[in-house]
Amino acid sequence: MAIDRRRALQRLGASALGLAAVGCGREPANSAPPTPAAAPRVGVASCRGSLIGMSRLEQAGKPTRYAVVRIDLHERPLKVRPIAIPFYGHGIAFDPDKPARAIVFEKHGPGCCEVDLVRGRATRSVPTTADRQFYGHGTFSRDGRLLYCTETIVGDGSRRGVVAIRDARSLELIGTLPSHGLAPHDMVLTPDGDALVISNGGGTLESGEVPNIAVVALRDGALRERLPFGDPRVNAGHVALLPDGGMVAVSAPRDGLDVHAPSVHGDVSFWHPREPMTMHSVGGPEVVRMRAETLSVAVHAASGQVVATNPEGDQLSFWDIRDGRLRHVRHDIERPRGVAIDRTGRCLAVSHGRHPALTLFDPETHAALQGGALADAWVSGSHLVVHDLS
C-alpha cells in the first residue's frame with residue numbers, strides 16, 4: 001500500500017517532523033468473515049485519557065526517525081502529536097508524581113530516554129552498561145522514588161535477566177535484582193507495590209531454560225512465585241494482572257522456531273489462584289489460527305474479558321477472565337497491534353494496519369464507535385497505553 005505523504009503531512013502539520021510513517025511485517029493472511037457485533041452502547045464523546053504509542057517514521061532518502069505519539073481521546077477531531085526520540089520505542093513507564101514525565105524503553109537495544117509528554121520533547125537519555133541491553137519495559141516504584149527496568153546480559157551470550165534499579169530523579173544506576181530467568185521482557189508492579197511480575201522469555205529451546213512468569217520481591221530480589229508455561233515452545237511475552245489476583249500472558253513462538261510451521265503459533269495463557277502453578281493455554285482453533293506473536297493484552301474487568309491482538313493472523317480476540325473461554329473474535333481488522341482501555345472503561349482503542357490506523361470500539365459489544373476512527377494514527381509500535389496527563 002502506497003503512503004499518501006501529502007495527505008499525511010497535512011493531517012499532522014509541522015509537528016510530524018516532515019516524515020511519513022510505515023508499519024512493519026509481511027502481508028496479512030486472508031481472513032475469515034467478521035463475527036457480527038452488536039451495536040455500540042456508547043459514543044466517542046465519552047472516551048477519556050491520552051493515548052500513547054510508538055512510531056517508526058521515515059522519509060525517502062533520509063535516515064529513519066522515531067517518535068512517541070500522543071492522541072488525546074477527548075479531542076474532536078482526534079489529533080496526532082508526535083515527539084521525536086532517537087530509537088524505536090517499545091514500552092513506557094509513567095512517573096506517579098509527575099504525570100507528564102515518562103521513560104521510554106527500546107526492545108533489544110541500548111535505547112532509553114526521558115520524555116515530557118506535555119512539552120513534547122525528549123529531555124534525557126538513560127544509558128545501560130556495555131554488556132547489557134534494555135529489553136522493552138520498566139516501571140516506577142509506587143512511591144515514585146525508584147525506576148525498575150528489564151535488562152538482559154548479552155556481552156557473554158548468556159541472556160541472563162536482571163532488573164536494573166535506578167534513582168527515579170537522577171536516573172543513575174544504583175543496583176540490580178535477578179529476573180529469575182532468561183531474556184526478561186514485560187514487568188508489572190503488584191497492587192501492594194512490594195513485588196514485580198516479570199515475564200522471562202527463556203531464550204532458545206537449546207538453552208534448557210523454561211519460560212516463566214516470576215514474582216520477585218523488591219526488598220531483596222527473592223523469588224515469591226514462579227509460574228512456568230505448560231508449552232516449552234512459548235516465548236513469554238506481555239502479562240497483565242486479573243481482578244482475582246491471577247495473571248494472563250500472551251506469547252510468541254520460542255526463539256529459533258519456524259514461525260510459519262503449522263504447529264507453531266502465538267498463544268494466550270491464564271493462571272488463577274488455587275490452580276496449579278503453571279500458565280496454561282486457552283487452546284482451541286482460534287489459538288491455532290494465531291500466527292507468529294500474539295502481541296498485546298488488556299483486561300476489561302467490567303465485562304470480565306481479556307483482549308488480545310495477533311497481527312499476523314489478523315485477529316482481535318476476547319476471552320473470558322474466569323475460564324479462558326473465547327467470547328468473541330474479529331478477523332476483519334488488518335494487523336491489530338496495540339490495545340488499551342480508556343480512563344472511563346467504556347472505550348477500547350486498537351491500533352492496526354500496515355499504514356497504522358486507530359479505531360475505538362465498545363468493549364462490551366465489540367462494535368466500532370461511530371466517529372472513532374483515525375486513518376493516520378502513526379502508532380506502528382507494539383503497544384498502546386492510556387494515561388491521565390492532568
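Remark: Cys112 SG to Cys149 SG, distance not under 2.5 Å.
A side-chain donor-acceptor contact under 3.5 Å links Asp72 and Ser50. Side-chain N/O atoms of Asn310 and Thr294 include a donor and acceptor closer than 3.5 Å. Donor-acceptor pairing under 3.5 Å is recorded for the side chains of Thr128 and Glu151. With hydrogens and angles left out, the side-chain atoms of Glu114 and Thr123 include a donor and acceptor closer than 3.5 Å. Side-chain contact annotation: His280 with Glu275, donor-acceptor N/O pair under 3.5 Å present. For the residue pair His185 and Asn235, no side-chain donor N or O sits within less than 3.5 Å of a side-chain acceptor on the partner. Residues Thr64 and Tyr88 have side chains that never bring a donor and an acceptor to within less than 3.5 angstrom of each other. In summary, the side chains of Trp319 and Ser317 do present a donor paired with an acceptor at a separation below 3.5 Å, with no hydrogens or angles considered.
Take Asp167 and apply the side chain to side chain donor-acceptor pair (under 3.5 Å) test, not counting sequence neighbours, and it matches Ser170. In this view, Phe87 satisfies the ring-ring contact (aromatic ring centres under 6.0 Å, His included) rule with no residue, not counting sequence neighbours. Not a single salt bridge (charged side-chain N to carboxylate O under 4.0 Å, His left out) links Glu286 to another residue, sequence neighbours left out. Judged as a salt bridge (charged side-chain N to carboxylate O under 4.0 Å, His left out), and not counting sequence neighbours, Asp258 has no contacts.
Arg327 and Glu364 are not joined by a salt bridge, as no carboxylate oxygen comes within less than 4.0 angstrom of a charged side-chain nitrogen. The pair Arg289-Asp314 does not meet the salt-bridge criterion, since no charged nitrogen lies less than 4.0 angstrom from a carboxylate oxygen. The existence of a salt bridge linking Asp255 and Arg159 is confirmed by a sub-4.0 Å separation between a basic side-chain nitrogen and an acidic carboxylate oxygen.
Note that CG of Leu171 and OG of Ser125 are 9.5 Å apart. Values are rounded to the nearest 0.5 Å. Going from atom NZ of Lys98 over to atom CG of Leu117 covers 13.5 Å, rounded to the nearest 0.5 Å. Distance check, rounded to the nearest 0.5 Å: CG of Asp342 to NE2 of His74 gives 12.0 Å. With rounding to the nearest 0.5 angstrom, the CZ atom of Arg81 is 12.5 Å from the CG atom of Leu51. In this structure, CG on Leu295 lies 9.5 Å from CZ on Arg335, to the nearest 0.5 angstrom. The CZ atom of Arg226 lies 4.0 Å from the CG atom of Asn212; values are rounded to the nearest 0.5 Å.
A side chain to side chain contact (heavy atoms under 4.5 Å, CB included) with Arg254 is found for exactly one of Leu205, Val259, Asp231, Val264, namely Leu205.
Residues Val215 and Leu223 are not in side-chain contact: their nearest non-hydrogen atoms beyond the backbone lie 4.5 Å or more apart. Proximity of Arg224 to Asp194: side-chain heavy atoms (C-beta onward) are separated by under 4.5 Å at one or more points.
When atom types are taken as modelled, the side chain of His238 and the backbone of Ser251 share no donor-acceptor pair closer than 3.5 angstrom. At distances below 3.5 Å, not a single donor-acceptor pair connects side-chain atoms of Glu209 with backbone N or O atoms of Gly202. One N or O on the side chain of Ser351 and one on the backbone of Gly338 form a donor-acceptor pair closer than 3.5 Å. Between the side chain of Ser296 and the main chain of Arg337, a donor-acceptor pair closer than 3.5 Å is present. Using a distance-only test at 3.5 Å, with no hydrogens or angles considered, no donor-acceptor pair links the side chain of Arg121 to the main chain of Ile85. Using a distance-only test at 3.5 Å, with no hydrogens or angles considered, a donor-acceptor pair links the side chain of Asp186 to the main chain of Val239. When atom types are taken as modelled, the side chain of Trp271 and the backbone of Pro276 share a donor-acceptor pair closer than 3.5 angstrom. Side-chain atoms of Thr150 come within 3.5 Å of backbone N or O of His137 as a donor-acceptor pair. His383 places no side-chain N or O within donor-acceptor distance of the main-chain N or O of Val297, the cut-off being under 3.5 Å.
Cluster partners of Tyr135: none. The rule joins Ile, Leu, Val, Met, Phe, Trp and Tyr whenever side-chain heavy atoms lie under 4.5 Å apart, and it links nothing here.
The neighbour count for Arg145 CZ, taken as heavy atoms of other residues, nucleotides or ligands under 6.0 Å away, does not exceed 12. Shown here is Arg76, whose CZ atom has more than 12 heavy atoms of other residues, nucleotides or ligands within 6.0 Å.
For Phe318 and His366, the distance between ring centers is under 6.0 angstrom. Checked against a 6.0 Å centroid threshold, the rings of His90 and His108 do not count as neighbours.
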Could you list the donor-acceptor pairs under 3.5 angstrom formed between side-chain atoms of residues 172-182 and any protein atom two or more places apart in sequence or on another chain?
residue: Ser179; atom: OG; partner: Gly181; partner atom: O; Å: 3.2
residue: Ser179; atom: OG; partner: Asn200; partner atom: OD1; Å: 2.8
residue: His180; atom: NE2; partner: Gly221; partner atom: O; Å: 2.8

